[in-house]
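Sequence lines set the chain letters: A, B, ... in the order given, protein chains first and strands last, and positions in each chain run from 1.
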Amino acid sequence: MATDAPVEMYMDLSEVAERISQKFKSQSVEVDATFVENKLRILVDQFGVNLNEAEKTVSENIAKEHGLESAPRQTLEQREIGTLLPGEWVMIEGKVVGLSNPVSPTIKQTGVIADATGAIQFTAWARANAPLLEMGQSYRIESVVVDEYRGVPKLNFHAGTTITPLEENITFLPQVTNVADLRPGVACLRVKMVQEWEPRHERIFQTGLVGDETGTVSFTTWKGDDAPRLEVGMVYNIFYAPVGEYQGRPQVTLNGATCVPDEDAEMEVGTGGMTYQGAIVNIGPGSGVIKRCPVEGCNRVLSRMNYCPVHEMQNDFRYDLRIKGVLDDGEKAHNILMQREVVETVTGVTLEQAVETAENSPMGMDDVFYRLKDTMMGRYFTCMGNDLGDTILVRECSPVAFDKDRHTELLNLLGGEADGE
Amino acid sequence: MASEGRFNQQRYEREPARRVFAAELREATYHFKDGEDEKSPAYVLLPTGERCNRIFIIGSMTQKEKRGDQNVFYNFRVADPTGIFFVSASSYQQEAMQQVSRIEPPAFVAVVGKPNVYEAPDGRIFVSVRAESVTVVEKEMRDSWILDAAESTLKRIERFDQSADTALTQEHYPGVNLDLYRRMAYEALRQIQI
């Protein structure tokens with residue numbers, strides 16, 4: 001007994017009573033937890049029955065009283081992690097494949113537990129008194145609730161949850177998900193690091209875009225001991241990364257995930273993005289030649305006086321070229337961001353030429369800005385890229401040629417119906 | 001670990017630039033504000049049943065006139081296949097004004113601007129456009145704009161009964177003849193020479 005249930009010792013009668021009450025509730029039978037606790041107490045305190053047996057006995061008695069064929073099994077049927085749904089009360093066996101730092105003192109531990117069918121994040125609340133789980137160890141987890149937090153299914157360990165280490169570790173191969181198929185939850189990915197972006201918050205350690213053949217997805221790594229840094233151009237096997245949703249699009253968090261670089265791998269990243277067509281109706285400030293902070297990992301845009309909001313004066317800046325604009329299809333005005341390569345291709349102005357203009361023209365950087373405006377404004381373009389929420393990061397952009405087929409089609413649509421009336 | 005709340009705040013959404021032919025905009029007489037606030041957006045209601053706060057047009061700049069001494073502004077006309085847009089660029093739109101100063105008509109121009117309805121002392125109602133941006137473009141872009149404007153007009157006609165502004169349109173343009181606008185778009189398309 002002692003080896004079998006090391007965790008049981010921590011649980012008191014009221015927790016078990018609560019669990020029994022909950023189990024019956026899941027069968028639509030209301031049982032008062034205090035009533036259950038009294039029954040348990042008699043067995044345990046007066047008759048020396050161990051808690052496990054007491055739980056079984058009380059459960060079966062209640063089941064009989066309510067005419068149920070059998071008590072809801074103490075060990076609910078074991079479920080595959082990949083099939084769990086929010087609201088379920090389940091038993092699982094899985095292996096801890098990721099641990100991350102809790103974000104709040106009310107949480108004792110957070111992490112990811114997996115079996116061959118999938119993986120799920122878990123939260124152990126401090127007040128639940130659950131034991132600390134170990135990375136790589138397999139456990140049986142009984143009476144655990146599948147909850148949902150911001151669209152992501154999660155396991156919540158509460159007071160009545162029983163956690164037993166398994167003697168034999170479960171072995172299985174992680175299931176790799178295609179980027180195009182990502183849904184909120186936990187996923188293993190094989191992706192290439194495509195782009196690194198300026199962090200938009202001081203707590204962000206690294207943010208950018210990763211992708212595979214099927215598409216791209218943005219990722220965020222928050223500062224902390226568990227923060228891996230990805231290198232642009234490198235292919236990674238990422239194991240068990242939490243996937244959330246940000247403004248309707250999946251977003252991967254790398255804290256707690258295992259990122260293994262595959263130095264020899266090559267990968268062609270698929271576009272997967274959307275295509276938008278419309279007229280450029282605005283080219284905003286911050287477009288054209290800009291100066292970036294040279295401090296490693298900063299990359300912020302400097303003011304005209306070479307001032308970085310974090311690193312102060314930086315006269316050893318590096319130049320960059322970009323366009324922040326609006327592509328308008330008549331129904332919606334999309335904010336777009338074009339980085340250097342795209343700007344160079346679509347305008348025919350290279351960074352080198354732009355810098356030369358900026359340094360020699362009496363108008364300085366404004367000269368480039370107005371030149372880009374004259375080239376782009378009021379013209380139709382097709383932009384392909386990823387919607388980052390409030391801005392489309394444009395990967396390819398090309399001018400729209402006059403569409404003869406659309407002309408004929410519209411003539412038929414408008415003329416044909418008018419004639420018919 | 002999840003996204004920070006402050007990034008989820010509803011952001012300001014820019015008003016899209018509607019595509020409308022001159023012959024339709026000329027007929028737009030009803031304008032209103034969406035809200036009591038001084039900064040609430042102002043709209044002109046198009047007869048085909050859509051509000052617009054901003055428009056995008058491409059046509060030929062035919063006349064340009066510089067007015068004012070202290071406060072310089074430009075008035076110019078932009079012709080599309082259906083009629084004329086009256087456009088202005090004043091010192092309130094510095095950039096547009098400087099762009100216009102460099103353009104010699106006739107030229108194909110793309111104009112992004114805000115439509116304005118005003119009443120002349122004699123009671124006649126005029127619609128003009130305050131330019132935000134004016135750039136010279138190629139003829140091919142003008143042709144593409146005609147396609148775009150024709151398609152937008154057709155879409156408005158098709159959802160005339162189900163648009164958010166249906167009731168408003170029926171109130172202010174009772175008995176509007178949609179077939180007129182359909183024919184206008186058709187005629188505009190026919191003027192494209194390929």
Contacting region of A:Val326 [heavy-atom separation from chain B under 4.5 Å]: side chain

Pairs of heavy atoms under 4.5 Å with chain A: top-ranked of B:Glu151, B:Glu15, B:Glu187, B:Arg54: B:Glu151

Validation row, ring centre B:His31 to ring centre B:Tyr118 under 6.0 Å: no

Heavy-atom proximity to chain A below 4.5 Å, by part of B:Arg14: both

Pair A:Arg183 + A:Glu245: basic N to acidic O under 4.0 Å: no

Full working for side chain to side chain contact (heavy atoms under 4.5 Å, CB included) between B:Val117 and B:Phe126: CA-CA 6 Å; B:Val117 174; B:Phe126 288 98; over 6 Å; no

Segment of B:Arg102 engaging chain A (4.5 angstrom heavy-atom cut-off): side chain

Side-chain ion pair, B:Glu158 and B:Arg156, N-O less than 4.0 Å: no

Within-4.5 Å side-chain heavy-atom neighbours: A:Phe122 and A:Val112: no

Presence of salt bridge, A:Glu202 and A:Arg300, under 4.0 angstrom: no

Inter-chain contacts: residues 133-141 of chain B against chain A, heavy atoms under 4.5 Å: B:Ser133, B:Thr135, B:Val136, B:Val137, B:Glu138, B:Glu140, B:Met141

Salt-bridge present (B:Glu50, B:Arg18; N to O < 4.0 Å): yes

Charged N-O contact under 4.0 Å between B:Arg124 and B:Asp122: yes

Among the listed options B:Leu189, B:Val112, B:Ile157, the residue most often paired with chain A at heavy-atom distances under 4.5 Å: B:Leu189

